Amino acid sequence: VQTLTPAQKQIILLLLGAGGPMDYESLAQKLKLNTITVKRHIIDIKKAGFPLEEKVSVQSRRKVFAISESTKQALLKKEVSDKGRKYLNK
């Protein structure tokens with residue numbers, strides 16, 4: 001996550017807080033970005049090695065993206081660990 005740009009981190013944060021998978025258009029609307037820009041960010045996030053789940057929605061037949069529960073838990077553990085380290089180094 002450290003190598004991602006602020007815009008890419010925004011997409012990840014939005015997916016983390018979403019109640020379920022989101023498509024390009026939904027992400028673009030929420031972030032007030034162009035759909036093409038969101039597609040480029042998703043490609044770059046995946047190239048950076050961040051594990052995004054990609055599926056096709058049965059209802060809309062569009063690609064949707066989500067973050068798995070195990071990845072959410074790993075990110076939460078890392079954040080708690082980082083905060084603890086900062087606290088101890090004060």
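Nothing here was measured: the structure is a model prediction, and the numbers come from that model.
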[X] versus [Y]: any side-chain heavy-atom pair under 4.5 Å?
X: I42; Y: L27; result: yes
X: M22; Y: V64; result: no
X: F50; Y: T71; result: yes

Can you tell me how far the [atom1] atom of [X] sits from the [atom2] atom of [Y], to the nearest 0.5 Å?
X: I67; Y: L75; atom1: CD1; atom2: CG; value: 7.0 Å
X: L4; Y: H41; atom1: CG; atom2: NE2; value: 11.0 Å
X: L52; Y: I11; atom1: CG; atom2: CD1; value: 9.0 Å
X: S68; Y: L15; atom1: OG; atom2: CG; value: 11.5 Å

Inter- and intrachain pairs under salt bridge (charged side-chain N to carboxylate O under 4.0 Å, His left out), touching residues 18-45, at least two apart: D23-R62, E25-R62
Minimum heavy-atom distance between A66 and P21, given as atom pair plus value: CB-CA, 4.0 Å
Check: Q8 side chain, T5 main-chain N or O, donor-acceptor pair, under 3.5 Å: yes
In one Ile/Leu/Val/Met/Phe/Trp/Tyr side-chain cluster, 4.5 Å: Y24, V56: no
K55/K63 under side chain to side chain contact (heavy atoms under 4.5 Å, CB included): CA gap, chis, key distance, verdict: CA-CA 6 Å; K55 300 177 182 175; K63 279 187 183 179; over 6 Å; no
